[in-house]
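See below for the structure under consideration.
Below, read A as the first sequence line, B as the second, and so on, with proteins coming before strands; counting in each chain starts at 1.
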Protein chains: 4
Amino acid sequence: MTARAEPVHDEPRRGRPRSESSRQAILAAAGELLLERGPNSISMDEVAERAGASKATIYRWWPSKELLALDALYNQSEPSQHEPPDTGSFAKDLLALIRPWARQLSTASYARLVAAFISRAQNDPEFGEEYRAHFVKPRREQARVVFERAIERGEISSDTDVEAALDLLYAPFYHRVLHGHAKLTDDFIQTIVGYVVRALAPAR
Amino acid sequence: MTARAEPVHDEPRRGRPRSESSRQAILAAAGELLLERGPNSISMDEVAERAGASKATIYRWWPSKELLALDALYNQSEPSQHEPPDTGSFAKDLLALIRPWARQLSTASYARLVAAFISRAQNDPEFGEEYRAHFVKPRREQARVVFERAIERGEISSDTDVEAALDLLYAPFYHRVLHGHAKLTDDFIQTIVGYVVRALAPAR
Amino acid sequence: MTARAEPVHDEPRRGRPRSESSRQAILAAAGELLLERGPNSISMDEVAERAGASKATIYRWWPSKELLALDALYNQSEPSQHEPPDTGSFAKDLLALIRPWARQLSTASYARLVAAFISRAQNDPEFGEEYRAHFVKPRREQARVVFERAIERGEISSDTDVEAALDLLYAPFYHRVLHGHAKLTDDFIQTIVGYVVRALAPAR
Amino acid sequence: MTARAEPVHDEPRRGRPRSESSRQAILAAAGELLLERGPNSISMDEVAERAGASKATIYRWWPSKELLALDALYNQSEPSQHEPPDTGSFAKDLLALIRPWARQLSTASYARLVAAFISRAQNDPEFGEEYRAHFVKPRREQARVVFERAIERGEISSDTDVEAALDLLYAPFYHRVLHGHAKLTDDFIQTIVGYVVRALAPAR
DNA sequence: TCCTAACCGAGACGGTACGTCGCGTCTTAGG
DNA sequence: CCTAAGACGCGACGTACCGTCTCGGTTAGGA
């Protein structure tokens with residue numbers, strides 16, 4: 001993982017440098033197994049064996065299975081750091097932002113991963129920080145830009161509680177995926193976006 | 001769930017009957033440990049020992065730690081099947097409904113439990129069903145009544161998508177608790193309820 | 001088992017009498033399973049189920065699995081209390097005595113049983129007593145008669161240590177069967193009997 | 001047996017080498033407990049705890065409690081590979097050979113162990129092989145040398161069936177110890193040896 | 001004809017030990 | 001200093017039997 005694994009060293013590093021091929025193999029193996037069977041059904045031994053690496057090497061660079069999973073997932077997702085869309089309409093911006101992400105989220109593989117991350121985060125605050133920094137905050141920042149543009153354009157109220165609004169927008173998708181009481185359909189996306197738009201609309 | 005399903009027996013029961021005292025002791029022990037340390041940090045051995053029961057007895061009636069936790073939690077919560085409040089105002093009804101529940105949810109103990117339940121549900125659909133039936137659906141039904149009364153009173157649009165609206169209402173609270181990016185304050189509750197009210201308001 | 005299960009009662013027995021059919025079913029089930037798989041690979045639950053009896057009933061009448069096995073074996077063997085043979089020749093008497101018994105002993109089923117009995121006897125003196133009384137002493141008594149007749153006839157020395165001689169005669173067969181280093185063949189029987197005869201022959 | 005089989009490795013050994021101290025600790029712990037209480041009254045957990053080792057480590061190297069017991073016993077007994085005695089007299093050689101061994105055998109600890117070994121051997125041929133190779137054959141080989149010297153010296157018949165004679169010699173001691181119908185006294189040893197000598201004496 | 005003791009089956013119980021699995025660490029030899 | 005291999009201590013798992021203990025129901029003799 002970017003932030004953690006690359007400490008700054010003033011003096012040049014001595015000894016054998018970290019094996020990049022090993023790192024890639026571990027991330028690849030973890031990624032495959034994660035999507036195949038979910039993070040609770042795989043073992044570090046298994047990842048090590050499939051990667052042709054040793055467990056010690058994994059633990060040297062990733063403190064836990066979930067953190068490895070996080071990194072594997074992150075490395076696997078295309079590096080597309082989408083600029084938040086700017087269609088000129090708040091509703092369309094939100095749809096453009098939510099749709100591709102919600103599609104990804106609605107696959108069983110991702111649901112299992114997110115659930116495992118959340119579970120781990122309850123007992124390991126450090127992990128929670130890491131998880132939020134990489135998978136939650138970036139998305140919120142994108143939406144925040146959209147919200148702020150909408151405020152500037154006067155599409156939504158200027159005293160919008162943006163933090164709460166972000167929760168209002170994102171939470172329903174997590175909710176359906178994690179609790180599984182209903183499907184995350186495109187209709188649902190549109191409905192929720194519609195409700196959010198009306199909830200934040202400026203006072204008449 | 002096994003323990004709660006009490007099928008009617010036409011034929012007389014044979015063999016030694018299930019020990020009610022043992023069942024209670026196990027549920028009590030599990031409940032205590034669960035709230036103390038969370039479901040991932042306790043062992044079945046420990047529950048068995050504290051309950052003065054044998055592990056075999058636990059496994060005879062509860063197939064997994066999570067199902068036991070579910071049952072323990074359910075048996076522990078007072079059997080109060082609150083009628084959904086009827087204050088005459090949609091917003092006040094929602095607040096009356098959400099506030100006590102959100103307070104309970106925002107304790108660390110419950111967050112850990114819910115996270116563990118959700119995680120387990122991803123890999124065990126049967127468990128998911130059980131979890132939703134006992135902890136999710138009842139709450140949704142209460143809110144549904146409130147929504148329908150509001151429709152009758154004309155406070156919210158008659159073509160409200162109630163399922164989506166339920167998600168819009170409940171999801172943000174789960175979201176904050178599970179992801180931990182912000183506190184679940186009373187301000188937050190009021191803000192979300194306000195947004196929901198405006199989102200569902202009848203067209204002008 | 002005869003001696004244990006039929007206590008003398010002065011006053012007539014009250015209450016429901018012991019179920020003979022149950023007793024037979026248990027002995028039969030135990031006997032079958034014993035010969036099929038050996039006493040270490042069967043459980044009391046299994047015997048109870050096959051017999052259509054309850055475990056409590058078994059334990060009411062037989063204190064342990066081995067004792068039950070002993071009884072099952074005993075009841076299964078034909079009640080033939082052979083008179084020790086009297087052919088007029090010491091060697092022929094011994095052969096007539098040993099041959100049928102050794103044949104039976106040399107089946108794998110019996111070896112497993114005897115081994116289990118011996119093993120149990122090490123830790124349970126009461127069981128050892130029972131075992132010897134039913135399976136060891138009767139055979140020794142038969143041979144003792146043969147020995148004594150041979151002494152009378154002058155075929156063997158009058159100061160023969162009969163106890164030691166009985167061990168000299170029987171032990172080699174147990175030995176081969178239990179240790180399994182060589183087969184218990186008819187040749188072997190003849191050889192051992194021959195050696196015993198010569199060992200005990202009167203001084204020249 | 002795993003632990004004793006030290007195959008030659010052409011390729012250099014990879015990975016962490018087996019811990020010799022752990023092996024010794026396990027064997028020592030097993031040995032002590034075995035002699036204290038017999039193999040049926042000890043648990044692997046107990047051995048592991050006393051040895052400061054983990055159960056997994058024990059099971060990695062010894063497939064069963066009995067095999068561990070065998071190894072522990074073997075490692076415990078002094079490595080004295082006594083040359084068979086050569087006193088010039090067959091009877092004295094036998095006595096010199098049997099006496100110390102019979103003394104050891106006649107302690108309760110050894111009787112329990114031997115009985116357990118024999119019992120296990122009935123259901124596990126591989127174990128039986130191991131047991132005989134380490135505890136039965138070596139003794140027979142020593143006696144065989146004594147027998148062959150006696151044949152050369154003309155003390156016993158040249159057509160002696162040595163295998164049967166070995167059984168005739170050793171079996172009675174096992175017999176008394178395992179069946180427990182009589183004590184293994186020095187008188188008994190002398191009597192049996194005397195009988196064996198006379199049984200094998202050359203024809204007049 | 002009841003009463004009551006002793007039996008019976010079914011099957012749940014507390015308990016002990018089992019053998020396995022996964023974790024995260026450590027110890028080798030080798031690059 | 002890194003790596004692969006793989007053994008290690010630890011702790012929990014879920015299972016198998018043990019021998020005991022209720023249950024409701026059955027079968028006798030004695031009252």
*Start with the C-alpha distance between D:S119 and C:N40, add both sets of side-chain angles, then the distance that settles side-chain hydrogen bond (donor to acceptor under 3.5 Å, both in side chains), and finish with yes or no.*
CA-CA 9 Å; D:S119 180; C:N40 294 334; 3.2 Å; yes
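- D:I58 places its CD1 atom 16 Å from the P atom of F:dA7, with the value rounded to the nearest Å.
- Side-chain atoms of C:L68 and C:L34, non-hydrogen and from C-beta on, never get closer than 4.5 Å to each other.
- Of the residues in residues 35-45 of chain B, those placing a heavy atom less than 4.0 Å from an atom of DNA chain F are B:S43, B:M44, B:D45, in numerical order.
- Aromatic ring orientation, B:Y131 versus B:F117: tilted (interplanar angle from 30° to 60°).
- Dashed line: the shortest gap from a side-chain N or O of C:S54 to OP1 or OP2 of E:dA10 is not under 4.0 Å.
- Across all strands shown, C:S22 has heavy atoms under 4.0 Å from sugar-phosphate atoms exclusively, and none from any base.
- One can place CD of A:E20 at 21 Å from P of F:dC1, the figure rounded to the nearest angstrom.
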**Message:** As a quick check of understanding, evaluate side chain to side chain contact (heavy atoms under 4.5 Å, CB included) for D:L35 and D:L113, giving each step before the final call.
**Reply:** CA-CA 8 Å; D:L35 291 181; D:L113 281 169; 3.8 Å; yes
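- Between the CD atom of D:E66 and the P atom of E:dC18 there is a distance of 10 Å, given to the nearest Å.
- For A:K55 against F:dG6, a side-chain-to-base donor-acceptor contact under 3.5 Å is absent.
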* **Residue pair A:L73, A:Y110: steps toward the side chain to side chain contact (heavy atoms under 4.5 Å, CB included) verdict** => CA-CA 9 Å; A:L73 203 60; A:Y110 272 78; 3.7 Å; yes
Notebook entry, point to check: Taking it one step at a time, do C:I26 and C:W62 satisfy side chain to side chain contact (heavy atoms under 4.5 Å, CB included)?
Noted result: CA-CA 10 Å; C:I26 291 167; C:W62 294 276; 3.7 Å; yes
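- At least one donor-acceptor pair under 3.5 Å links the side chain of A:K65 to the backbone N or O of A:I42.
- Remark: side-chain polar atoms of A:Q122 are paired, donor with acceptor, to backbone N or O of A:I118 under 3.5 angstrom.
- Closest heavy-atom contact between B:S64 and B:M44: C-CE, 4.3 Å.
- Straight-line distance from the CH2 atom of D:W62 to the P atom of E:dC18: 15 Å, rounded to whole Å.
- At whole-Å resolution of the value, CZ in B:R23 and P in E:dC13 are 11 Å apart.
- Contact check, A:W61 against F:dT3: a side-chain N or O comes under 4.0 Å of OP1 or OP2.
- If you find the closest nucleotide of DNA chain E to D:Y59 and to B:A48, the one lying nearer the 5' end belongs to B:A48.
- Side-chain N/O atoms of D:T57 include none lying less than 4.0 angstrom from OP1 or OP2 on F:dA7.
- Judged by closest nucleotide on DNA chain E, B:P17 is the one of D:E46 and B:P17 placed further toward the 5' end.
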Between protein and nucleotides 3-5 of chain E, what N or O pairs are separated by less than 3.5 Å?
| from | atom 1 | to | atom 2 | distance (Å) |
| --- | --- | --- | --- | --- |
| E:dA5 | O4' | C:R14 | NH2 | 3.1 |

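- If you take CD of B:Q24 and P of E:dC13, they are 13 Å apart, rounded to a whole angstrom.
- Distance, A:E49 CD to F:dA7 P: 13 Å, rounded to whole Å.
- Side-chain N/O atoms of C:R18 include none lying less than 4.0 angstrom from OP1 or OP2 on E:dA6.
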(request) Output, in order, the C-alpha distance, side-chain angles, deciding distance and verdict of side chain to side chain contact (heavy atoms under 4.5 Å, CB included) for C:E20 and C:Q24. (result) CA-CA 6 Å; C:E20 179 59 20; C:Q24 293 293 352; 2.9 Å; yes
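- Between A:L67 atom CG and E:dC23 atom C1' there is a gap of 16 Å when expressed in whole angstrom units.
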